[in-house]
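For ligands, and for the atoms within them, numbers begin at 1 and follow the listed sequence. Just so it is clear, the model here is predicted, and its values are computed rather than measured.
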Amino acid sequence: MVALPMTWSFSAATPRRVSRFSGVAMASAGAKVENVKVGQGLGDLPKVVLTSVHGSEAELYLYGGCVTSWKVENKDLLFVRPDAVFTGQKPISGGIPHCFPQFGPGAIQQHGFARNMSWSIVSSETVDGNPSITLELKDGPYSRAMWDYSFQAIYKVTLDSNALSTELKVTNTDAKPFSFTTALHTYFRASVTGASVKGLKGCKTLNKDPDPKNPVEGKEERTLVTFPGFVDCVYLEAPTELQLDNGLGGVITIKNTNWSDAILWNPHLTMESCYKDFVCVENAKIGEVKLEPNESWTALQHLSIV
Ligand SMILES: O=P(O)(O)OC[C@H]1O[C@H](O)[C@H](O)[C@@H](O)[C@@H]1O
């Protein structure tokens with residue numbers, strides 16, 4: 001856990017890099033806009049606010065390395081469930097939680113431990129008024145008790161005028177090989193009755209409904225995949241671009257590099273209070289990634305709205 005000052009911020013119109021976060025308060029010199037601001041969020045958890053000079057904004061918590069908000073023209077395109085807790089004891093249910101080193105179900109806790117460990121800040125920069133922040137997660141006693149490997153995960157989040165990009169790089173820092181599965185469990189704000197996802201036709205599916213441990217194999221035949229009831233389905237070898245119509249007047253393009261699979265999830269009546277307000281479209285790596293010592297795996301996600 002990083003020792004965090006109450007707030008620190010920095011800003012620049014042209015590239016400016018701040019190297020490894022030292023836990024010492026830093027203030028911007030003569031900045032008009034604070035592009036990257038670290039402060040306290042809900043439950044007093046450390047929160048980073050990214051503000052683009054082009055009007056967009058994003059927020060993320062170091063706990064779980066979880067992006068919880070992405071606003072374009074003051075509309076939040078992400079969704080945080082009303083039952084989300086910000087105690088640092090339970091994963092934040094909403095935004096873009098990490099699933100690592102297991103998507104699940106599997107040997108360790110559902111979706112792994114990266115979403116309930118504190119990430120630290122490595123650096124930040126602003127290019128042409130667009131800020132980015134880079135976080136790091138390393139193994140510790142908590143992760144070792146479940147998954148006895150030394151690893152490093154580097155996660156860069158970049159905000160643009162109409163886009164939010166993430167780059168995840170996992171490195172094996174151990175002396176022995178390891179394997180993992182992973183996902184970005186993105187919750188999009190939506191009207192579930194009007195939402196649809198385009199781009200999945202022809203994909204091989206693993207339907208986790210009704211039994212997540214024994215998914216039923218199939219093939220997606222629909223051009224527009226909708227959410228008429230409970231949905232929990234893995235799409236293998238999904239394309240590098242999907243389009244989500246959020247049913248609220250927005251079409252979000254979800255591009256990726258190296259996230260080979262996708263998952264659609266909506267809990268329907270099992271979460272009666274909120275299921276109508278979001279859909280999850282997750283970029284994932286369902287087949288195991290095996291890394292030898294010193295090897296890395298990198299994947300990019302690019303969300304944009306026109
Ligand atoms: O409630 P969570 O642990 O966040 O998981 C929520 C859901 O995430 C994914 O979409 C899985 O495919 C589901 O099987 C799971 O129920």
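Of the residues Trp297, Phe113, Tyr149, Phe151, the one that meets the ring pair (Phe, Tyr, Trp, His ring centres under 6.0 Å) test with Phe180 is Trp297.
Within the 4.0 Å heavy-atom shell around ligand 1 one does not find Met271.
The contact set between ligand 1 and Phe103, taken as ligand atoms under 4.0 Å from a residue heavy atom, comprises 9 (C), 11 (C), 12 (O). Residue Gln110 has at least one heavy-atom neighbour below 4.0 Å for each of these atoms of ligand 1: 3 (O), 5 (O), 15 (C).
Proximity of Gln109 to ligand 1, defined as any heavy-atom pair under 4.0 Å, is not found for any part of the residue.
We find that Glu57 and Lys37 are not joined by a salt bridge, their nearest charged nitrogen and carboxylate oxygen being 4.0 Å or further apart. Taking 4.0 Å as the cut-off between side-chain N and carboxylate O, Lys219 and Glu221 do not count as a salt-bridged pair.
Screening residues 166-191 for salt bridge (charged side-chain N to carboxylate O under 4.0 Å, His left out) gives Asp174-Lys176 as the qualifying pairs, with residues at least two apart or on separate chains.
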Given side-chain contact (heavy atoms from CB on, under 4.5 Å), test Leu206 with Glu217 step by step and report yes or no. CA-CA 5 Å; Leu206 296 174; Glu217 286 187 25; 3.6 Å; yes
Could you walk me through whether Lys138 and Thr173 pass the side-chain contact (heavy atoms from CB on, under 4.5 Å) check? CA-CA 9 Å; Lys138 283 179 161 176; Thr173 50; over 6 Å; no
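Atom 4 (O) of ligand 1 has its closest protein heavy atom at Arg115 NH1, 3.1 Å. The protein heavy-atom contact nearest to atom 16 (O) of ligand 1 is Trp265 NE1, 3.7 Å. The shortest contact between atom 8 (O) of ligand 1 and any protein heavy atom is with His185 NE2, 2.5 Å. Of the protein's non-hydrogen atoms, the one nearest atom 1 (O) of ligand 1 is Arg81 NH1, 4.1 Å. The shortest contact between atom 12 (O) of ligand 1 and any protein heavy atom is with Asp232 OD1, 2.7 Å. Closest protein heavy atom to atom 5 (O) of ligand 1: His111 NE2, 3.2 Å.
Looking at Lys198 and Thr223, their side chains never bring a donor and an acceptor atom within 3.5 Å of each other.
Counting only distance, with no hydrogens or angles, the side chain of Ser52 and the backbone of His54 share a donor-acceptor pair below 3.5 Å.
Remark: among candidates Lys208, Lys90, Glu282, the nearest residue to atom 11 (C) of ligand 1 is Lys208, based on non-hydrogen atoms.
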